[in-house]
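Right, one structure below, let's go through it.
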There are 2 protein chains.
Amino acid sequence: MMTNIYATIERPTLLLDAVRAQRNIARMALKAQRNRLRFRPHFKTHQSAEVGEWFRAVGVTAITVSSMTMANYFAAHGWDDITVAFPVNLREIAAINALAARVRLHLLVENMAAVDFLATRLTAPVAIWIEVDAGYRRSGVAWDDGAALTAVADRVAACDRMQFQGLLTHDGGTYAARTHAAIADAYATTVQRLNQARRVLAVHGFQGVELSIGDTPACSVLDDFGSVDEMRPGNFVFYDWMQVEIGSCTWEDVAVTVACPVVAIHPERNDVILYGGAVHLSKESLRRADDSPSFGAVVYLEEDGWSAPLPGAWVRSVSQEHGIVHADDATFAALSSRIQVGGLLGVMPVHSCLTADLLKRYLTLDGATLTMAPFPNSMSSQLVASG
Amino acid sequence: MMTNIYATIERPTLLLDAVRAQRNIARMALKAQRNRLRFRPHFKTHQSAEVGEWFRAVGVTAITVSSMTMANYFAAHGWDDITVAFPVNLREIAAINALAARVRLHLLVENMAAVDFLATRLTAPVAIWIEVDAGYRRSGVAWDDGAALTAVADRVAACDRMQFQGLLTHDGGTYAARTHAAIADAYATTVQRLNQARRVLAVHGFQGVELSIGDTPACSVLDDFGSVDEMRPGNFVFYDWMQVEIGSCTWEDVAVTVACPVVAIHPERNDVILYGGAVHLSKESLRRADDSPSFGAVVYLEEDGWSAPLPGAWVRSVSQEHGIVHADDATFAALSSRIQVGGLLGVMPVHSCLTADLLKRYLTLDGATLTMAPFPNSMSSQLVASG
């Protein structure tokens, strides 16, 4: 069976180890339960209705997505409590109203312009989270801008169609960490800042304001989450080479790898040329010790999945369709004895969210093809549900 | 009309200025004609049957693609002379044989293993190009490895189903150039090396070996292409911010820009947050003068298209769905007076090939939606044509 799935592969193909993914899901669900946190996993990583069912099997009923397109897709697959964890896109108000009439829809606001717009244009009730920038400097109200926080909260509270739920943040800062201690420090700072923002709102009269956090590094390595109410990690379902480097997981937790056809082998420069480039892996890279980029870790495909990443090999370059694996002398000698032109080599992606988004389907190790949210067929996210 | 197309946009949308694209096509077709070169444009950039018709209108009958998936797509749209400019992927032999029975299919070989495989497995005639590595170190037989070149050519010539056509190279080296002189130098070296390889084959008895070159920088800035037979540029149909930086074109030649919804404005840090991230723009970046990355140039959307890129603004960061535009003080002051949350801002992509591949459709300035090759519905490229 295992050998057969490889025989069917003609093009770069995203392999999914369902056992690992389900183990990752069960572990995180248990951690949330032990901490009495609402587990609202982010589905932007897998974007698959079938993978979503693995979450439902461990009791998950509330999810996070990053676009209205995904929200419509998962609503069409039976999910009815959905947070769109992205600053609300006012141009999709028609899609928002249509979906809010059918499911419990949670939106993020971080500025008065958006709240004012929603106050006049919403036709169905939505739950509202104020996005807080706890130091990452992406989107959100600055955690220490009490005046802005209370002004936005007041405006939300004044509108019947908006139910103020709490404060939400994404702490991208933990992605720069490389030790558990650094992750824990970054997380502690974030939670302290969120709680300070909550106290400002409490003094202003808002009670029961929830806190929602969500990065995979912190959710993976910490056991105590302090005073928060909800966790929204997403990447942990598959993990990837970046998370191994951060220390969120080991390579044996990584549930996806791209099977790439070998199209050329160049012993004179220790390079292997793969069919598998920027349109398959993405151009996400990590810096190696010598500051050169790596676009993926290299693994052998084996009967029961894939090997440990080869310490002396990496994807040194990608162009649109090409990936170039480079290896040190000893690794290249071993590598070239195991692969041939026309065979397959595995690349563990740097960032599984982007790779999955590009490849748009999974091949499980027992040969099943799992589908993902279809690419929207128009400029509008509304048409997906009916597509 | 112009204002109306923007009003319909809800999500990150790839705008296409058809007038500019058609002008780029006409200019390159004329240049090929003046140089008596076969013009075999690379269709991997646009991947669109409709855009392909603009090439047909100026007399193009032969095309280049980078995958069997694209080859099948364009064959289904009436193209019957197609080069797959990627080292042949032996795992797609069934698709190769099926397509070779219908169209004039050209394949690239660069190693004996591939030629041996094709010799035993081809069931229909194909044209064969030996890919030459003229110094770029991606794929190809090294230009100065005469023994390998003649061995591969001999093996090709010994097989009735393979018709040896010539030597083909992609000179990615011109992408590192930033002046016309540097592009001309890189091109001259490439052509000198290709001609040396051709002389080796001539001495060995091969006459009439063609030379095919194809990078957009050289094809854009040179007027004399020396002793070659075919040009295969692709990116020039749209160009992009990278090509402006290289000097291949001016911003007024760039035919695509992504319209991105504005979701937040942060005057305290001169940032504008866009709905438009790595899954829309790609993570391709250029280095700015201070070595910080830019993931795109920033333009205003205007009635007849878009403005010149703002010199003091750039996309400083992208995550999965977010793009963060940063601006210097003066530029931010101007920018923030022209945009608002819920409006649109344009991003001229760094690399239009990757952005088009991600967004999968175009909205022309007169409101037409042009489609692209559909994402293949299976691990096999064969099923696309029937899909």
Side-chain angles (χ1 to χ4, degrees), chain A residues 8-11 13 44 66-69 86-92 94-95 110-111 113-114 117 137-139 142 172 261 263-266 268-269 271 273 275 278-279 282-285 317 319-322 324 340-342 344 353-354 357-358 360-361 363 369 375-376 378-382, chain B residues 8-11 13 44 66-69 86-92 94-95 110-111 113-114 117 137-140 142 172 261 263-266 268-269 271 273 275 278-279 282-285 317 319-322 324 340-342 344 353-354 357-358 360 363 369 375-376 378-382:
Chain A
T8 64
I9 293 174
E10 298 183 4
R11 305 177 57 259
T13 298
K44 81 182 169 80
S66 56
S67 68
M68 284 302 299
T69 307
F86 187 83
V88 60
N89 172 21
L90 305 182
R91 302 181 78 87
E92 291 181 296
E110 65 99 86
N111 57 73
F117 181 92
R137 292 164 55 88
R138 189 170 69 177
S139 46
V263 296
I265 300 174
H266 283 274
E268 77 282 8
R269 49 184 161 99
D271 282 345
I273 317 301
Y275 182 16
V279 297
S282 92
K283 288 213 68 165
E284 188 84 76
S285 63
S317 168
S319 41
Q320 183 160 344
E321 312 270 356
H322 300 71
I324 306 188
Q340 57 188 354
V341 171
L344 295 171
C353 308
L354 298 186
D357 184 77
L358 283 161
K360 287 276 187 288
R361 77 176 69 81
L363 180 64
T369 297
F375 195 90
S378 83
M379 263 59 76
S380 161
S381 58
Q382 276 190 278
Chain B
T8 65
I9 293 174
E10 298 183 3
R11 306 177 57 258
T13 298
K44 80 181 169 81
S66 56
S67 68
M68 285 301 300
T69 308
F86 187 82
V88 60
N89 172 21
L90 305 182
R91 302 181 77 87
E92 291 181 296
E110 65 99 85
N111 57 74
F117 181 93
R137 292 164 54 88
R138 189 170 69 177
S139 46
V263 295
I265 300 174
H266 284 273
E268 76 282 8
R269 49 184 162 98
D271 283 344
I273 317 301
Y275 182 16
V279 297
S282 92
K283 288 213 67 165
E284 188 83 76
S285 63
S317 168
S319 42
Q320 184 161 344
E321 313 269 357
H322 299 71
I324 306 188
Q340 57 187 355
V341 171
L344 294 171
C353 308
L354 298 186
D357 184 78
L358 283 162
K360 288 276 187 289
L363 180 64
T369 297
F375 195 89
S378 83
M379 263 58 76
S380 161
S381 57
Q382 276 190 278

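Naming: A, B, ... by sequence-line order, numbering from 1 per chain.
Looking at A:Asn111, the atoms closer than 4.5 Å to chain B (heavy atoms on both sides) all sit in the side chain, from C-beta outward. Only the side chain of A:Glu110 comes within contact range of chain B, judged by heavy atoms closer than 4.5 Å. Heavy atoms closer than 4.5 Å to chain B are found in both the backbone and the side chain of A:Tyr275. When heavy atoms are compared at a cutoff of 4.5 Å, A:Ser139 approaches chain B by way of both its backbone and its side chain. Heavy-atom distances place both the backbone and the side chain of B:His322 under 4.5 Å from chain A.
The nearest pair of heavy atoms linking B:Arg11 to A:Glu92 is CG-OE2, 3.4 Å. In terms of heavy atoms, A:Gly342 sits closest to B:Arg91 at O-NH1, 2.8 Å.
Side-chain atoms of A:Asp271 never come within 3.5 Å of backbone atoms of B:Arg138 as a donor-acceptor pair (strictly under, hydrogens ignored). Between the side chain of A:Asn89 and the backbone N or O of B:Val263, no donor-acceptor pair lies under 3.5 Å.
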Let me see the working for A:Leu354 and B:Val279 under side-chain contact (heavy atoms from CB on, under 4.5 Å), right down to the final yes or no.
-> CA-CA 7 Å; A:Leu354 298 186; B:Val279 297; 3.8 Å; yes
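Between the CD atom of B:Glu321 and the NZ atom of A:Lys44 there is a distance of 7.5 Å, given to the nearest 0.5 Å.
Interface summary for chain A: among B:Cys353, B:Gly140, B:Ser282, B:Ser285, the most heavy-atom pairs under 4.5 angstrom belong to B:Gly140.
By the 4.5 Å heavy-atom criterion applied to side chains, B:Arg137 and A:Ile324 are not counted as neighbours. Side-chain contact between A:Leu358 and B:Leu358: present, with at least one pair of heavy atoms (C-beta onward) separated by less than 4.5 Å.
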